[in-house]
Novice: 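Let me begin by handing over the structure; questions about it come next.
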Amino acid sequence: MKLQVIDHPLVTHKLTVLRDENTPSPVFRQLVEELIMLLAYESTRNVAITPKAINTPVAPMTAAKLSKPRPIVVPILRAGLGMLEGMTRLMPTAEVGFLGLKRDEETLEAITYANRLPDDLTDRQCFVLDPMLATGHTLIAAIDYLLERGAKDVTAICILAAPEGLKTLEDHIGDRGDVKIIVAAVDEKLNEKGFIVPGLGDAGDRLYGVVD
């Protein structure tokens, strides 16, 4: 597993506004989209491409385009949906699948409640979108699902991560898959409820409001 923290002034600035408890939901949603575009730019650095012969207005040339099978973007419901627009703006030809995972607030384990993904992901490059890598259990469940179905490599894009979650994920994944984690920041710790500190609160609630 490889971890990359994106150290960029614009990423830092947008993250600061996201963390502020006074930032309203409409601004929060817009900033998440902008931030994910910055993270996605780096996360797609090694996306597979193939040569393509084209004619420009001046001369023929050999250029490049995204390879097939196309990459697949997998937002984790519901908070991952807030990251989808930024990702697809950068890579509009990618396919999109969905995984619904929620955390049991007592055990902190991930529970799958929705799945809209192909059974066969052989040789696919997969990009998982989940704002918070807290305990790590949600990403473990998602990455396991993708690798078990033949994904070529998996890149998880998160806004924040906790050291405990990164350690849990690394211990679980080991070297059995080409897995990369792209984050805007690694925070201090998890609290007793499994929330990242200082964090930014519940990303889903801040994106869409509190749902009972």
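Numbering of residues begins at 1 and proceeds along the displayed sequence.
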Novice: Between Arg89 and Glu85, does at least one N-O distance fall below 4.0 Å, as a salt bridge requires?
Specialist: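 Salt bridge flag = yes for Glu85 with Arg89.
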Novice: Between Arg206 and Asp202 (salt bridge meaning N to carboxylate O under 4.0 Å), is one present in this structure?
Specialist: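 Salt bridge: no.
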Novice: Testing the basics here: between Val5 and Ala185, what is the closest heavy-atom pair and its distance to 0.1 Å?
Specialist: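 Residues Val5 and Ala185, closest heavy atoms: CG1-CA, 4.1 Å.
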Novice: Verify the neighbour count for atom CG of Asp20: are there more than 12 heavy atoms of other residues, nucleotides or ligands below 6.0 Å?
Specialist: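 It does: Asp20 CG has more than 12 such atoms within range.
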Novice: Any non-hydrogen side-chain atom of Glu21 less than 4.5 Å from a side-chain atom of Leu200?
Specialist: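 Side chain of Glu21 against side chain of Leu200, heavy atoms only: no contact under 4.5 Å found.
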Novice: Which pair of heavy atoms, one from Leu3 and one from Val186, lies closest together, and at what distance?
Specialist: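 Looking at all heavy atoms of both residues, the closest pair is CD2-CG2, 4.3 Å.
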Novice: Just wondering, more than 12 heavy atoms not from Lys180 lying within 6.0 Å of its NZ?
Specialist: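 Check passes, neighbour count above 12.
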Novice: For the pair Lys68 and Asp123, evaluate salt bridge (charged side-chain N to carboxylate O under 4.0 Å, His left out) and give the outcome as yes or no after the intermediate values.
Specialist: CA-CA 9 Å; Lys68 292 183 179 180; Asp123 294 330; over 6 Å; no
Novice: Specify the closest pair of heavy atoms between Ala40 and Ser43, including all atoms of both residues, with the distance to one decimal.
Specialist: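 For Ala40 and Ser43, the tightest heavy-atom pair comes out as O-OG, 3.0 Å.
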Novice: Heavy atoms, side chains only, cut-off 4.5 Å: are Asp120 and Arg149 in contact?
Specialist: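 No, their side chains stay 4.5 Å or more apart.
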Novice: Using a strict 4.0 Å threshold on nitrogen-to-oxygen distance, state whether Glu170 and Lys167 make a salt bridge.
Specialist: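 No, Glu170 and Lys167 are not salt-bridged.
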Novice: Quick one: do Glu95 and Arg124 make a salt bridge, cutoff under 4.0 Å?
Specialist: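 Yes, Glu95 and Arg124 are salt-bridged.
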Novice: Under 3.5 Å, side-chain donor or acceptor atoms of residues 155-162 against the rest of the protein: list the pairs with distances, not counting sequence neighbours.
Specialist:
none

Novice: Can you find a pair of side-chain heavy atoms, one from Met83 and one from Met87, that are under 4.5 Å apart?
Specialist: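 No - every pair of side-chain heavy atoms lies 4.5 Å or more apart.
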Novice: What closest approach, in Å, do Phe127 and Pro71 show between heavy atoms, and which atom pair accounts for it?
Specialist: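 Looking at all heavy atoms of both residues, the closest pair is CE1-CB, 3.9 Å.
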Novice: Between Arg70 (side chain only) and Thr93 (backbone N and O only), is there a donor and an acceptor less than 3.5 Å apart?
Specialist: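 The answer is yes, because a donor-acceptor pair under 3.5 Å joins these two groups.
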Novice: Hey, are Arg19 and Asp187 close enough for a salt bridge, meaning a charged N less than 4.0 Å from a carboxylate O?
Specialist: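 Salt bridge flag = yes for Asp187 with Arg19.
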Novice: If we ignore hydrogens and angles and just use 3.5 Å, is the side chain of Thr44 paired with the main-chain N or O of Val47 as donor and acceptor?
Specialist: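 Such a contact is absent between Thr44 side chain and Val47 backbone.
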Novice: Does some side-chain heavy atom of Phe98 sit less than 4.5 Å from a side-chain heavy atom of Leu81?
Specialist: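 Heavy-atom side-chain distance check passes, below 4.5 Å.
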Novice: Does a sphere of radius 6.0 Å around CG in Asp7 hold more than 12 heavy atoms from other residues, nucleotides or ligands, not counting ones at 6.0 Å or beyond?
Specialist: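 No, CG of Asp7 has 12 or fewer neighbouring heavy atoms, counting only those of other groups under 6.0 Å.
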Novice: Identify which one of Thr168, Asp171, Thr135 satisfies the side chain to side chain contact (heavy atoms under 4.5 Å, CB included) criterion when paired with Ile140.
Specialist: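 One option only clears the test, and that one is Thr168.
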Novice: Quick check: do Lys52 and Thr62 have side-chain heavy atoms less than 4.5 Å from each other?
Specialist: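 The answer is no; the side chains never approach within 4.5 Å.
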Novice: Assigning hydrophobic clusters by single linkage (Ile, Leu, Val, Met, Phe, Trp, Tyr; side-chain heavy-atom cutoff under 4.5 Å), is Leu15 placed with Ile6?
Specialist: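 Same hydrophobic cluster.
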Novice: Is Leu31 reachable from Leu10 through a run of hydrophobic residues whose side-chain heavy atoms are each under 4.5 Å from the next?
Specialist: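 Yes, Leu10 connects to Leu31 through the hydrophobic network.
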Novice: Is a side-chain donor or acceptor of Tyr208 paired with a backbone partner of Gly82 at a separation under 3.5 angstrom?
Specialist: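 Pair found, side chain donor or acceptor close to backbone of Gly82.
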Novice: I want to check something: taking the side chain as every heavy atom from C-beta on, are Leu169 and Ile143 in contact at a cut-off of under 4.5 Å?
Specialist: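 Answer yes - side chains close enough.
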Novice: For Leu190, does its backbone N or O pair with a side-chain atom of Glu164 as donor and acceptor, under 3.5 Å?
Specialist: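 Looks like yes, one N/O pair under 3.5 Å.
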Novice: So do Met91 and Val73 actually touch side chain to side chain, heavy atoms under 4.5 Å?
Specialist: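 The answer is yes; the side chains approach within 4.5 Å.
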Novice: Can you find a pair of side-chain heavy atoms, one from Val74 and one from Leu129, that are under 4.5 Å apart?
Specialist: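 A side-chain contact is absent here, since even the closest heavy-atom pair is not under 4.5 Å.
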